[in-house]
Undergrad: 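Okay, handing you the structure first.
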Amino acid sequence: MIRTISYTSPEDLRFLQRTDTMDVMGIVKDILQNVRTNGDAALLEYSRKFDKAELTALEVTQEEIDEAFRRVEPEYIEILKEAKENITGFHKHQIENGFVLTEKPGVVLGQRVLPLEKVGLYVPGGTAAYPSSVLMNSIPAVLAGCGEIVMVTPPSANGTVNPVILAAAKVAGVGRIFKVGGAQAVAALAYGTESIPKVDKIVGPGNCFVAEAKKQVFGTVDIDMIAGPSEILIVADGTCNPRFVAADMLSQAEHDKLASAILLTDSEALAKGVAAELDQQIPLLSRSEIAAHSIEHYGAIVLVSSMEQAIEVSNAIAPEHLELCMDNPFDYLNLVQNAGSVFLGKNCPEPLGDYFAGPNHTLPTSGTARFSSPLSVYDFVKRMQFTYYTPDALKQVKDKVSYFAKKEGLTAHAKSATIRFE
């Protein structure tokens, strides 16, 4: 049963705040230290403990990849390839060029855009396999020109990786794949082990242990974001079909018991219809228990006074996924300030973005869309500045630089600017 709320103030949405009673921070800290100290031995130990897998080697062989590719239905391979084309077509527009400035005599300034040398992709396993995450995380890295792309993903109990994960990796062009998941996989990428190379950046979503591990290794390596449970917020008016709206809410609720699915509407009739549809659709799902828990604890139908108020509430929540379900969504798009990815109109369900349309599905969660962005090519490059002055150009500004330095009490700085002309 989903709650229905008449919106009066932000206090009405306090149910979205999650509390974690588990000592995730301490557990992860111990795992990171163990992997840093013991390398592959620690990884194999954790595979036995957490994955129930007895591994003798961590890296997936080319034979395993080729065999998985043969086992996957050709129709699905073609869908993966078409999704790759769409994702590539979108992300190639994010490729940046450097620049050089020569406006002032004797001065050359510029910026180079360089790919990261090694990046690590975390692809979740656990309760579901996500080949879509392989495509979304790797294709921007390929377009950026990263030298080496290393993927980690949890093995099954028999020591194998789901064939669709390996097939997606082959389609995407991932270089090396390792059978390791959880915080220990993040540790391996951050510090390096006998088998797994140390990388410059780790990207990809995972559970609370993965998120905490990424947080703790940040600074040793870069990370994309701290990803929380999945979220969908739907703004819908009274012309919408409640069956479709309910189905879209459940598309995220089935991810995780902590996922949130919220409907904002100015129509009481739609609110009642969606509530009834949720009750009918949840029992039919393969992950009905997860979806039911999510809807009951973190779902809501929120009645607002207008669509404009709905957008204001949405901006305050800053959802991962935002659907504007109405006939005129572009009239409201410019009002949206905070959202990871926006889906416009009645025929644009969020799963289009998860799998196929092209924009990335690795998105800011937990309100971080207020200040962060979807995964992109920008995440896999760094920018390097350069400066050149001729002797005469330096002579023109040396005294200004020296004066500035002395104002900060840094006489060595000042001397460095003037010593060439003494």
Side-chain angles (χ1 to χ4, degrees), residues 1-19 225 227-242 244-253 255-256 258-278 291 294-346 348-350 353 359 363-374:
M1 178 70 70
I2 193 168
R3 77 196 82 203
T4 299
I5 301 167
S6 293
Y7 184 79
T8 57
S9 74
E11 291 295 309
D12 296 328
L13 302 175
R14 290 187 65 184
F15 67 89
L16 289 173
Q17 299 174 0
R18 299 170 177 85
T19 57
M225 63 187 76
S230 187
E231 307 159 356
I232 187 168
L233 189 150
I234 300 175
V235 174
D237 61 23
T239 66
C240 290
N241 188 319
F244 304 162
V245 174
D248 290 0
M249 294 174 72
L250 292 173
S251 73
Q252 295 308 292
H255 265 302
D256 189 327
L258 297 178
S260 67
I262 300 172
L263 167 63
L264 301 178
T265 182
D266 59 358
S267 168
E268 290 190 22
L270 180 67
K272 292 178 181 177
V274 170
E277 279 293 332
L278 289 170
S294 165
I295 289 295
E296 180 179 353
H297 291 87
Y298 300 107
I301 297 172
V302 183
L303 288 164
V304 294
S305 59
S306 65
M307 289 293 97
E308 288 74 15
Q309 185 184 51
I311 300 297
E312 290 177 12
V313 175
S314 175
N315 281 331
I317 294 173
E320 177 188 18
H321 307 98
L322 171 63
E323 287 189 8
L324 299 182
C325 292
M326 52 195 71
D327 290 324
N328 56 337
F330 287 96
D331 292 349
Y332 293 92
L333 180 58
N334 287 340
L335 298 178
V336 176
Q337 298 299 313
N338 302 324
S341 194
V342 185
F343 301 82
L344 299 168
K346 297 177 178 178
C348 194
E350 185 279 333
L363 303 169
T365 62
S366 306
T368 59
R370 293 178 294 110
F371 53 80
S372 59
S373 309

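Positions are given from 1 along the sequence.
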Undergrad: Before giving the answer on side-chain contact (heavy atoms from CB on, under 4.5 Å), spell out for Ile311 and Leu324 the whole-Å C-alpha distance, their side-chain angles and the decisive distance to 0.1 Å.
TA: CA-CA 9 Å; Ile311 300 297; Leu324 299 182; 3.7 Å; yes
Undergrad: With the side chain counted from C-beta on, respond yes when Tyr332 and Leu344 share a heavy-atom pair under 4.5 Å apart, and no when they do not.
TA: no
Undergrad: Is a side-chain N or O of Thr265 found less than 3.5 angstrom from the main chain of Ser267, in a donor-acceptor match?
TA: yes
Undergrad: With a 4.5 Å cut-off on side-chain heavy atoms, are Lys346 and Phe244 touching?
TA: no
Undergrad: Quick check: do Met326 and Asp331 have side-chain heavy atoms less than 4.5 Å from each other?
TA: no
Undergrad: Mind listing the closest non-hydrogen atom pair of Ser314 and Leu322 along with its distance?
TA: OG-CD1, 3.5 Å
Undergrad: How close do Pro374 and Gly340 get, heavy atom to heavy atom, and via which atoms?
TA: CG-O, 3.3 Å
Undergrad: Mark yes or no for whether Asp12, through its side chain, and Tyr7, through its backbone, hold a donor-acceptor pair below 3.5 Å.
TA: no
Undergrad: In the structure I gave you, are the side-chain heavy atoms of Val336 and Asn315 within less than 4.5 Å of one another anywhere?
TA: yes
Undergrad: side-chain contact (heavy atoms from CB on, under 4.5 Å) for Leu363 and Thr365? Distances and angles first, verdict last.
TA: CA-CA 6 Å; Leu363 303 169; Thr365 62; 5.6 Å; no
Undergrad: Testing the basics here: between Pro242 and Val274, what is the closest heavy-atom pair and its distance to 0.1 Å?
TA: CB-N, 3.6 Å
Undergrad: Taking the side chain as C-beta and beyond, is there a heavy-atom pair between Ile295 and Leu250 under 4.5 Å?
TA: yes
Undergrad: Could you tell me whether the side chain of Arg370 and the main chain of Ala316 form a donor-acceptor pair under 3.5 Å?
TA: no
Undergrad: Which pair of non-hydrogen atoms, one from Leu264 and one from Ala310, has the smallest distance, and what is that distance?
TA: CD1-O, 3.3 Å
Undergrad: So, Gln252 and Ser230: side-chain donor and acceptor under 3.5 Å apart, yes or no?
TA: yes
Undergrad: Quick check against the 3.5 Å criterion: does Asp248 have a side-chain atom that pairs as donor or acceptor with the backbone of Val245?
TA: no
Undergrad: Check step by step if side-chain contact (heavy atoms from CB on, under 4.5 Å) holds for Ser372 and Met225.
TA: CA-CA 8 Å; Ser372 59; Met225 63 187 76; 5.7 Å; no
Undergrad: Determine the minimum heavy-atom distance between Ala369 and Ala318, stating which atoms define it.
TA: CB-O, 3.8 Å
Undergrad: I'd like to know whether Leu303 forms a side-chain contact (heavy atoms from CB on, under 4.5 Å) with Asp266, so could you lay out the CA-CA distance, the side-chain angles of the two residues, the decisive distance to 0.1 Å, and finally the verdict.
TA: CA-CA 5 Å; Leu303 288 164; Asp266 59 358; over 6 Å; no
Undergrad: Tell me, do Leu13 and Val313 make a side-chain contact under 4.5 Å, heavy atoms counted?
TA: yes
Undergrad: Of the non-hydrogen atoms in Ile232 and Ser251, which two are nearest, and what is the gap between them?
TA: CD1-OG, 4.4 Å
Undergrad: Are there over 12 heavy-atom neighbours, none belonging to Glu268, within less than 6.0 Å of that residue's CD?
TA: no
Undergrad: Is it true that a side-chain atom of Glu231 and a backbone atom of Ser260 form a donor plus acceptor pair closer than 3.5 Å?
TA: no
Undergrad: Rounded to the nearest 0.5 Å, how far apart are CG of Leu263 and CD1 of Ile301?
TA: 5.5 Å
Undergrad: Got a sec: does the CZ of Phe330 have more than 12 other heavy atoms crowding it under 6.0 Å?
TA: no
Undergrad: Is there side-chain contact between Pro229 and His255, with at least one heavy-atom pair below 4.5 Å?
TA: no
